[in-house]
Structure formats: structure tokens, C-alpha cells
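What you are looking at is a predicted structure, and each value in this text was computed from that prediction instead of being measured.
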Amino acid sequence: MNQPTSTAAAPLPRIAIVATPLSSASVVYGMYEMFKSAGRDWPWVLKGEYGQSVLDPFIVAAQPGHVTGCNGLPIRVDVPMSDCAAPDVVCVPESLLAIDHREAGMFQREAAWLRRCHAEGSLMATACSGAMLLAEAGLLDGHEATTHWAYCETMQRRHPAVRVQSQRALMVTGEGHRLVMAGGGTSWMDLGLYVIARCAGIEAAMQVARLFLIDWHQVGQQPFARVARSAQVDDALIGRCQAWIADHYADPAPVAAMVRMSGLPPRSFQRRFKLATGMAPLEYVHTMRIEEAKHLLETCDLPVAAVAQEVGYDDAAFFGRLFRRQVNLTPPQYRRRFGGLRAALAEGGGQVAQLRAASRISSTDGIFPSPASPSVAHST
């Protein structure tokens with residue numbers, strides 16, 4: 001395939017998968033297979049006949065021909081960026097960057113093309129360290145963002161205008177919610193399901209999830225981020241406090257506990273903590289609590305008051321006001337919007353009979369906003 005295909009009557013959503021010399025061929029082709037299978041393979045499972053693909057994926061790169069990926073495997077290039085108009089979706093998979101890479105302009109041609117596509121309305125989706133390319137292109141400035149936890153500190157240092165949220169496994173933000181980032185190394189599959197659901201409906205995403213036996217990554221990155229949290233600041237004393245609060249954010253009076261742990265006078269601790277992290281200690285605690293509350297609202301049925309207590313708030317009304325101020329949705333609104341996503345993609349079943357029954361579930365389109373709709377935000 002040298003050009004993306006479509007039908008004249010009903011053009012398929014065009015999804016460009018970006019390949020660079022630092023891309024993993026397995027992820028690039030894995031994304032391609034996921035997108036191509038949507039709508040095509042499910043009828044084969046049920047009836048023994050292939051259906052029609054509902055998405056039009058293709059591989060794009062700065063140069064024509066092929067790209068040799070990070071592991072020495074060739075990646076076929078369908079369209080060079082110079083000949084590629086802005087697609088409906090741009091997917092940027094992981095890049096095997098050095099953790100502390102400092103080569104400015106490494107992806108100059110790619111960054112220019114990404115900026116053009118975003119300006120022309122494309123949905124920009126990244127997996128793992130692919131978010132670093134969006135940051136290099138300046139598209140994440142002023143927005144919350146996530147990437148693989150190992151790159152969070154580097155992104156924050158190199159791009160101080162980006163508000164890095166290392167706890168989140170999936171983040172949707174920006175104007176029209178056209179910036180989508182999946183954090184962990186294998187979360188490109190989560191990203192693929194999100195893109196399928198947003199472009200073709202959640203039923204198509206559920207079918208692909210079952211076919212590929214994909215479990216949605218509900219745990220998020222926090223368990224992995226804790227491992228490196230003490231190394232995310234140069235101040236070892238504050239790093240120890242960060243590592244402690246990652247497991248004790250729900251404790252009563254956690255800031256006072258960190259002050260005692262530090263051995264510093266309270267005012268000195270406040271100044272030193274903010275200098276190291278960019279946030280006041282109490283703001284940092286609230287941020288961690290709200291992120292954990294988001295996770296609980298997405299993945300369990302606890303009442304909102306119980307969620308508030310679980311993350312450290314005895315006053316459910318105060319928790320609700322704080323949550324709305326930070327997230328721009330009330331906790332029940334957040335659960336309705338994004339808990340449905342988790343539940344739908346977690347629908348399982350290895351038996352064809354279970355799959356056949358699940359295929360009759362009524363459509364839940366609308367959980368994913370269209371690229372033109374600014375009504376729903378996964379993050380502020």
C-alpha cells in the first residue's frame with residue numbers, strides 16, 4: 001500500500017502512524033494491525049466472513065521508502081510527510097530516546113509536520129515516550145501531559161511550560177481534546193482502543209479488545225512511578241518526602257508529617273519543597289489525592305463519600321468542591337463520563353457465545369467526544 005485508501009461515498013477516518021529511526025517496529029506495526037482489524041475481523045469470528053475495515057491506517061515518516069527502527073528492523077513508509085495532508089488522527093508511538101537526551105532539533109522535520117497537522121485539526125495521540133515529540137513541537141505547552149514515568153522528569157526539565165502528570169496512564173486534554181497521551185510502555189494498546197472508540201464507536205473498540213485479548217491498564221503508572229519518585233528531584237531530602245507521600249497521601253496531616261520527617265523549620269520546608277517540585281506541599285498532596293480519586297471513580301463503584309474518605313477527605317462536600325475546581329467536572333459527572341469507558345473496555349469473555357451476547361449491548365457512543373466537541377475533558 002503506497003497511499004491510504006478510502007471509499008468515495010464514505011471516506012474512512014485516516015490514521016497516520018509516525019515512524020522514526022527511534023521507533024519500535026513492533027509497536028508501529030502493532031498499531032497498524034489494531035486499526036486495520038477494527039470492523040474487519042469481528043464478523044470473521046462470528047460468521048467466518050471478513051467485514052470491512054472502518055479505519056484507514058498508514059505509516060508516515062520524514063523520508064520516503066523505509067525507516068530502520070531502533071532494533072534494526074525495517075519499517076515500510078506508506079507516505080512521506082512532505083506529501084501527506086493532515087489526517088484525522090496522528091499516532092506517535094514510543095521513541096527509544098536516552099532518558100536524559102539533550103539533542104535539540106533531533107526531530108525538526110517531524111515536529112514541523114506535527115505542528116501543521118495539529119493546526120489543521122488532527123487528533124494528536126501518543127504512546128509512551130512518543131509524547132516527547134509533541135513536547136519538542138511545542139504542542140504541550142500550557143497543558144497537562146503524561147508520558148512513560150521514566151521520562152517525566154526529563155520532560156518537565158526540558159519543557160517547563162508542560163504540566164507533567166506522572167500518575168496518569170491515559171490523558172486527554174487541549175483544545176477540542178485533541179491531545180491524547182498514554183503513559184506506559186505497553187499502553188499503546190490502551191491508546192489504540194481509545195482512538196478506535198473515538199473514531200468508530202466504543203462497540204468497535206470492545207470488539208478489538210476481545211480479539212486481541214487486551215486488558216485495559218487500570219492500575220495507572222503510580223506503582224511504577226513510586227520506584228523513581230525519589231530520583232525525580234535533585235534535593236534528596238525532598239525526594240524522600242515525595243517517596244513517603246506517594247504511599248501516605250491519605251494520612252491525616254501529611255504535610256506536618258513531612259515537615260517532621262525533614263527536620264526543617266516549617267517555613268524552610270515549604271520553600272525547599274516548592275523549589276524542588278514546583279508546588280507547595282499542600283498543593284502536591286491535593287494533586288495526588290485527586291489523581292487517585294479519579295482512578296477510583298473510573299474503576300470501582302464506591303460512593304463518592306467513600307472515595308473522598310479513601311483518599312484522605314472526611315468532608316465529602318469539601319472534596320466535591322476541590323475535585324470540581326481541579327477537574328472541571330463533579331465526581332459523579334466524572335464517573336459517568338469515564339467510568340463507562342473502563343467498564344466497556346473491560347468487558348471480557350473468551351467464548352464465542354459470550355462475545356455474541358456482548359455484541360448486542362446497546363451503543364454507548366458519546367463517551368468519547370468527537371474531535372470538534374469541547375464538552376468533555378479528561379484533564380484540566
Side-chain angles (χ1 to χ4, degrees), residues 1-5 14-38 41 55-84 87 89-114 117 124-137 146-155 158 169 180-193 195 208 211-214 217 221 224 227-228:
M1 184 181 74
N2 293 320
Q3 292 289 339
T5 58
R14 299 172 63 245
I15 302 179
I17 304 169
V18 176
T20 76
L22 296 182
S23 298
S24 166
S26 63
V27 175
V28 171
Y29 286 128
M31 279 189 164
Y32 183 94
E33 289 291 340
M34 279 187 68
F35 295 142
K36 197 70 175 177
S37 74
D41 295 351
L55 301 174
D56 183 17
F58 60 99
I59 299 171
V60 65
Q63 68 273 15
H66 75 276
V67 171
T68 301
C70 62
N71 294 317
L73 296 175
I75 303 172
R76 179 203 66 201
V77 177
D78 295 319
V79 188
M81 289 175 175
S82 58
D83 297 337
C84 185
V89 181
V90 175
C91 280
V92 185
E94 65 188 52
S95 292
L96 192 65
L97 295 163
I99 296 297
D100 196 24
H101 81 102
R102 298 180 181 277
E103 295 185 46
M106 182 189 298
F107 299 105
Q108 192 170 7
R109 288 183 294 175
E110 289 87 348
W113 184 75
L114 292 173
C117 289
M124 314 300 289
T126 71
C128 192
S129 54
M132 295 293 291
L133 272 71
L134 292 192
E136 294 285 347
T146 193
T147 184
H148 189 281
W149 60 263
Y151 291 88
C152 287
E153 188 273 337
T154 297
M155 176 182 281
R158 287 179 59 86
V180 183
M181 289 149 279
T186 60
S187 61
W188 64 267
M189 292 181 282
D190 292 349
L191 182 73
L193 292 180
V195 169
V208 171
L211 288 168
F212 282 72
L213 300 179
I214 298 171
H217 292 86
Q221 298 196 85
F224 308 102
V227 175

**Report entry** Identified side chain to side chain contact (heavy atoms under 4.5 Å, CB included) counterpart of M124 within the set V180, V92, V90
**Finding:** V90
Report task. Tell me, please, which residues at least two apart from S37 pass side chain to side chain donor-acceptor pair (under 3.5 Å). Result -> none
Requested in this report: Enter the distance from K36:NZ to D56:CG here, rounded to the nearest 0.5 Å.
Outcome: 5.5 Å
Report task. Drop me the distance from L22's CG to E110's CD, to the nearest 0.5 angstrom. Result -> 9.5 Å
Query raised in the report: Hey, are the side chains of W113 and V18 touching, using non-hydrogen atoms and a 4.5 Å cut-off?
Result: yes
Query raised in the report: Would you say T126 and L191 make side-chain contact, with heavy atoms under 4.5 Å?
Result: no
Identify every side-chain donor-acceptor pair in residues 57-64 under 3.5 Å, counting partners at least two apart or on other chains, and give the distances.
none

Requested in this report: Verify side chain to side chain contact (heavy atoms under 4.5 Å, CB included) between L193 and M34, making sure each step is shown before the conclusion.
Outcome: CA-CA 8 Å; L193 292 180; M34 279 187 68; 3.8 Å; yes
Query raised in the report: Would a 4.5 Å heavy-atom cut-off, applied to side chains only, mark Y29 and I75 as touching?
Result: yes
Report task. Mind checking side chain to side chain donor-acceptor pair (under 3.5 Å) for T68 and listing every partner two or more places apart, or none if nothing turns up? Result -> none
**Report entry** Rounded distance (nearest 0.5 Å) linking atom CD1 of I15 with atom CE of M31
**Finding:** 9.5 Å
Query raised in the report: Quick one: CG on L211 to CD on E33, what's the gap to the nearest 0.5 Å?
Result: 12.0 Å
Requested in this report: List the atom of F35, the atom of L55, and the distance in Å for their closest heavy-atom pair.
Outcome: O-CB, 3.7 Å
Query raised in the report: Taking only residues two or more places apart in sequence or in another chain, which ones pass side chain to side chain contact (heavy atoms under 4.5 Å, CB included) with A135?
Result: L140, M155, H159
